[in-house]
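All values below come from the heavy atoms of this structure, side chains included, with hydrogens, waters and symmetry mates left out.
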Amino acid sequence: MKATLLLDVQELFVTEAGGTVEIHMDLYEVTKKKGQPEYRFSWIAFDTDNPMRRVLFDCHPPKGPHFHLDEDSEGQSFQWISIDEAIRFFREKVKEHFGELVEVPDDGGQRT
């Protein structure tokens, strides 16, 4: 079995309410000897002041693609349609949970 990293993202955002949300996303394509490639991923958005306030998407046997909100340990399944659609769905859940996000500039918002 071969795993190829397709996505590795780390981003920092400010919410409309003034909080900070950190996002980490990794996505691997796993090629098995027979059949179609599968995807393994772990995507999380969390409040930097309260990391248990979070949106977590992951995929592992036996559950397959699913997501957790805050401290929900069971999770909710979702259907994997495509990489782009899964990312769109993750971003939608993040916006629902935290509100509109504004990306923090590379300089951390510092003006020189």
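In this structure the side chain of I87 reaches within 4.5 angstrom of the side chain of M25, judged on heavy atoms. When side chains are defined from C-beta on, F90 counts as touching I23, because their heavy atoms get closer than 4.5 Å. For the pair E11/E22, no side-chain contact is recorded, criterion being any heavy-atom separation below 4.5 Å from C-beta on. Within the 4.5 Å cutoff, no side-chain heavy atoms of L6 are placed close to those of Y28. Taking 4.5 Å as the limit, some side-chain heavy atom of L27 sits within range of a side-chain heavy atom of Y39.
Between L12 atom CG and T48 atom OG1 the span is 7.0 Å, to the nearest 0.5 Å. How far CG of L56 is from CG of L69: 9.5 Å, rounded to the nearest 0.5 Å. In this structure, F13 CZ and K95 NZ are separated by 12.5 Å, a value rounded to the nearest 0.5 Å.
The hydrophobic clustering, which links ILVMFWY residues whose side-chain heavy atoms are closer than 4.5 Å, places I81 and V30 apart. Grouping the Ile, Leu, Val, Met, Phe, Trp and Tyr side chains by contacts below 4.5 angstrom, directly or via other members, places I44 apart from V9.
Across every non-hydrogen atom of V21 and A45, the tightest pair is CG1-CB, 4.1 Å. For the residue pair P65 and C59, the shortest heavy atom distance occurs at N-SG, 3.8 Å. Residues R54 and F46 approach most closely at CB-CB, 3.9 Å, considering heavy atoms. Contact between A86 and W43 at its shortest, heavy atoms only, is O-CZ3, 3.5 Å. Between H97 and R53, the shortest heavy-atom contact is O-NH2, 3.0 Å.
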**Prompt:** Please walk me through it: do L101 and T15 pass side-chain contact (heavy atoms from CB on, under 4.5 Å)?
**Reply:** CA-CA 5 Å; L101 302 180; T15 67; 3.7 Å; yes
**Request:** Determine, stepwise, if the pair T20 / D49 fulfils side-chain contact (heavy atoms from CB on, under 4.5 Å).
**Result:** CA-CA 7 Å; T20 306; D49 292 328; 5.8 Å; no
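Between F67 and F89, the gap from one ring centroid to the other is short of 6.0 Å. Centroid-to-centroid, the aromatic rings of W80 and F57 stay 6.0 Å apart or farther.
Pairs passing the salt bridge (charged side-chain N to carboxylate O under 4.0 Å, His left out) check and including a residue from residues 61-89, sequence neighbours excluded, read E85-R88, R88-E92.
Looking at K2 and E38, no side-chain N of the basic residue comes within less than 4.0 Å of a carboxylate O on the acidic one, giving no salt bridge.
Ring geometry for H66 versus H68: interplanar angle over 60°, hence perpendicular rather than tilted (30 to 60°).
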